[in-house]
4 protein chains.
Amino acid sequence: MDKKAQNLHGQKMGRKGRETRQKIMDMTLDMLGHRSYKDLTVSELASETGVSSSTFYVYFEDIEDVLFACVEAAALDLDDLHAVLEQEWDHKNLEAQVKKFVEVYNELWEKHRVELRIRNLEADQGNLRFLNIRIETTKGILQKLTQRISLLNPKLKYPQQIAIVIHAAMGSIASQHEIGITGAIRQTRKQLSNGVVELICAVLRN
Amino acid sequence: MDKKAQNLHGQKMGRKGRETRQKIMDMTLDMLGHRSYKDLTVSELASETGVSSSTFYVYFEDIEDVLFACVEAAALDLDDLHAVLEQEWDHKNLEAQVKKFVEVYNELWEKHRVELRIRNLEADQGNLRFLNIRIETTKGILQKLTQRISLLNPKLKYPQQIAIVIHAAMGSIASQHEIGITGAIRQTRKQLSNGVVELICAVLRN
Amino acid sequence: MDKKAQNLHGQKMGRKGRETRQKIMDMTLDMLGHRSYKDLTVSELASETGVSSSTFYVYFEDIEDVLFACVEAAALDLDDLHAVLEQEWDHKNLEAQVKKFVEVYNELWEKHRVELRIRNLEADQGNLRFLNIRIETTKGILQKLTQRISLLNPKLKYPQQIAIVIHAAMGSIASQHEIGITGAIRQTRKQLSNGVVELICAVLRN
Amino acid sequence: MDKKAQNLHGQKMGRKGRETRQKIMDMTLDMLGHRSYKDLTVSELASETGVSSSTFYVYFEDIEDVLFACVEAAALDLDDLHAVLEQEWDHKNLEAQVKKFVEVYNELWEKHRVELRIRNLEADQGNLRFLNIRIETTKGILQKLTQRISLLNPKLKYPQQIAIVIHAAMGSIASQHEIGITGAIRQTRKQLSNGVVELICAVLRN
DNA sequence: GATGAATGAGAATTCATTCAT
DNA sequence: TATGAATGAATTCTCATTCAT
């Protein structure tokens, strides 16, 4: 809220200011779709956005700062995912429900691939801001997923860890540049999703 | 081999030259343990190694070049992992065997965390050299893992995809800076490994 | 007076305007107490004052302009000093009288240290506005001091130069950031004042 | 010595490097003769010196850093002044001896006006490096001057403080941009020196 | 085999300043 | 009377890179 209220020059932000700030964020995501993260420069970002680079510094401290703002914004968009996890899962419709879950998860990544990838990149390298926001965003998801797992298969010894592992797998697959060329044979994200679904169902039915 | 035989000035490398080259690679890995990858510079790397930055250019083209050399070196160290996957797995000793597999996998990452992380980072961003070496290194592992899965549980519809997914999950967990703070509760790598083992066993027994 | 009557936008200044202008001047002096002169910027000054930097330009042309306004204001505050110098000095009460003079001089600097230091700094570097105001302010003081010296010790060959030298010494000592660490042993301003008094008395009695 | 041995890139400096470093220092002093201190920029300084501004950063951290190097160099040049103060002063030849002292002092300032002015400017504003070097350089001078004063006029209650005051006066006069326009009447440095001499003699004879 | 020396190129950053509201 | 918004123009500063020794 504070962030939205003041720019870095200490001025209250009006409509125009908020728009410019948003335009810069949008262009950041746009550019990171095409080019490597470590080559993104303030000057280029500013000029692509159509503002001068001084204007950039009115709204952000540096590149990391915009990136974080983007990640923060994306982190708010989790409602759909929570919704699927809040529904009861049952053995009868299990496959459809798991499938739905994986689909929604993939859609989330489809929509926020850039932000989520950056978040993980930085977090994996120990950057605290990003580490923390990842924890915050993931916490609720993992709790609910753990609950689903425990309820359906109470025999499991490590439901929580399994939740984490499944979550990691889905994230890893969703984040890859060109999916499937991890291995020898090109796999579409769709095919891999089938694998994920089968894997989850297997562990829940066991 | 050619690469090892002469430096970029076209001189044959003697003992001293080989040592210097190796010192630079070692320091690269050392530094990437502490600091962010995108902040690594030739000047600093050289000065930490105790050579002048001109010396760096005697052995490497640029930063990416050392990184790749490190990744290449690490990629040779896969024998243990292949060994576990070449043994027969059977339902009777399944848990012990899977456990062994996960252990060896984790040890591999423990030993080459920096190199493997860099490899994935670059590959995920579409860097071809790194993408290719990942494919090369992963291919054999995945084939063998797929085989193990197919043999133990022939009912599975997507054994190959499941292999990829399991592999992805293990890599994702192994690569994290401080493991477990993905989620709400700090998990040790050991605890997560239990989850992985249980997950794999579940899918194989199903 | 004209200056006080209207701001740089040509508007007549009302109470509020005068207050804002004064607040900026006060903050200028305040900030120069802590930080180096050459690092003072319009943006920071404005933001510390709690106005936007555009507001600054309503009242002042640039940083030098505020500084000069401050120096001008301080220059009006010389009555006490003139008063001491207008009294007769006589050999009988000499020490007390000289002491009084030095005290009043120090008080003046205590009160306007920042302004007087800036004035000298700029004047010493050849800035005309500041050079002139220094001359204007100092002229009367020096004349009266010369007179006191000549009357008490008519044998002196260079009474005027001695007045200038004494004045310079007092200013130099008064202006120092932490007094006395010019030399080996920390001297309080009080101790140095004793030296000044003894020096002046000596030359007048000789 | 260390400073002379390595540049900021961590390279050992050879003849050529030392020369370049010195050229930059010389040009610094040269430029500060004409222009205001706070307008001196790295780019201009470098280009006047005939090197690129990157080269500047091979040898110095920033403008303050060169300035300090210059001040340090000047601080070594105190032998003449110490020499005059080490001679015995006696009442018979007092005026000639004091005159000699003042002359040598003025010559010192003539030779190192820029460095000494910068040193005082920064020290007066509380810059520690400069404050310290001023203390170091002044300490010995003040001790000797105090000694001279005490020996010649043992009746004085504050010989040390008087030494400090005299020193301050001489420095203040020597540093002024255009001498003498402190007061109403233009005074040459020569005339003011007469005043200083008369003042010192008076206090010593008293 | 190693490295002093120097730099081009470009990126980050800062600031004073304007203008419309 | 005050201020959001935006920017031009410098300047600082960093780095990879080259080359002669």
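What you see below is based on every heavy atom in this structure, not just the backbone, and it leaves out hydrogens, waters and symmetry mates. Values in this document were obtained by computation on a predicted structure and should not be read as measured data. Residue numbers start from 1 in every chain, and the chains themselves are labelled A, B, ... in the order their sequence lines are given, proteins ahead of strands.
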Q.
Using a 4.0 Å heavy-atom cut-off, does D/Val51 contact any base of the nucleic acid, only the sugar-phosphate backbone, or nothing at all?
A. sugar-phosphate
Q) In whole angstroms, how far is the C1' atom of F/dA2 from the CZ atom of C/Arg18? A) 17 Å
Q) Tell me: CG of D/Leu8 to P of E/dG4, nearest whole Å? A) 14 Å
Q) Roughly how many Å is it from CD1 in A/Ile24 to C1' in F/dA5, rounded to a whole number? A) 12 Å
Q. Which nucleotide sits closest to the side chain of D/Met13: F/dA5, E/dT3, E/dA5?
A. E/dA5
Q) Quick one: A/Arg21 CZ to F/dA6 P, roughly how many Å, whole number? A) 13 Å
Q: Mind checking A/Tyr59 for me? I need base, sugar-phosphate or nothing, with any heavy atom below 4.0 Å counting as a touch.
A: sugar-phosphate
**Q.** Set of salt bridge (charged side-chain N to carboxylate O under 4.0 Å, His left out) partners for D/Glu48, sequence neighbours left out
**A.** none
Q: With sequence neighbours left out, write down each residue that passes side chain to side chain donor-acceptor pair (under 3.5 Å) with B/Ser52, or none if nothing qualifies.
A: B/Ser54
Q: Write out the stems for DNA chain E, ordered by first number and formatted as range with range, counting runs of at least 3 consecutive Watson-Crick or G-U wobble pairs under 3.5 Å.
A: E:2-21 with F:2-21
**Q.** Those residues that, when tested against B/Leu32, pass side chain to side chain contact (heavy atoms under 4.5 Å, CB included) (two or more places apart)
**A.** B/Thr28, B/Tyr37, B/Leu40, B/Leu67, B/Val114, B/Ile118
Q. How many Å lie between CG on D/Asn7 and P on E/dT7, as a whole number?
A. 13 Å
**Q.** Any side-chain heavy-atom pair of D/Phe56 and D/Val66 under 4.5 Å
**A.** yes
Q. Does B/Lys16 make a side-chain N or O approach to OP1 or OP2 of E/dA2 shorter than 4.0 Å?
A. yes
Q: Nearest whole angstrom, please: distance from the P of F/dT11 to the CD of D/Glu64.
A: 19 Å
Q: Report the residues that fulfil side chain to side chain contact (heavy atoms under 4.5 Å, CB included) with A/Thr41, sequence neighbours left out, ordered by chain and then residue number.
A: A/Ser43, A/Glu44
Q) Under 3.5 Å, is there a donor-acceptor pair between the side chain of C/Arg117 and the main chain of D/Asp124? A) yes
(Q) Once side chain to side chain contact (heavy atoms under 4.5 Å, CB included) is applied, do any residues pair with D/Asp26, and if so which ones, sequence neighbours excluded? (A) D/Gln22
(Q) Measuring to OP1 and OP2 of F/dT3, would you say a side-chain N or O of C/Thr55 lies under 4.0 angstrom away? (A) yes
Q. Going 5' to 3' along nucleotides 14-21 of chain F, which nucleotides have protein heavy atoms under 4.0 Å from the base (write B), which only from the sugar-phosphate (write S), and which from neither (write -)?
A. BBSBBB--
Q. Could you give the CG-to-C1' distance, from C/Leu45 to E/dT14, as a whole number of Å?
A. 16 Å
Contacts under 3.5 angstrom, residues 57-64 of chain A side chains, donor-acceptor by atom type, not counting sequence neighbours:
unit_1  : atom_1 : unit_2   : atom_2 : d
A/Asp62 : OD1    : A/Glu64  : N      : 3.3
A/Asp62 : OD1    : A/Asp65  : N      : 3.0
A/Glu64 : OE1    : A/Asn127 : ND2    : 3.4
A/Glu64 : OE2    : A/Asn127 : ND2    : 3.4
A/Glu64 : OE2    : A/Arg129 : NH1    : 3.2

Q) Got a sec, which residues hit side chain to side chain donor-acceptor pair (under 3.5 Å) with D/His112, two or more places apart in sequence or on another chain? A) D/Asp77, D/Glu115
Q | Separation of atom NZ in D/Lys23 from atom C1' in E/dA5, rounded to whole Å | A | 12 Å
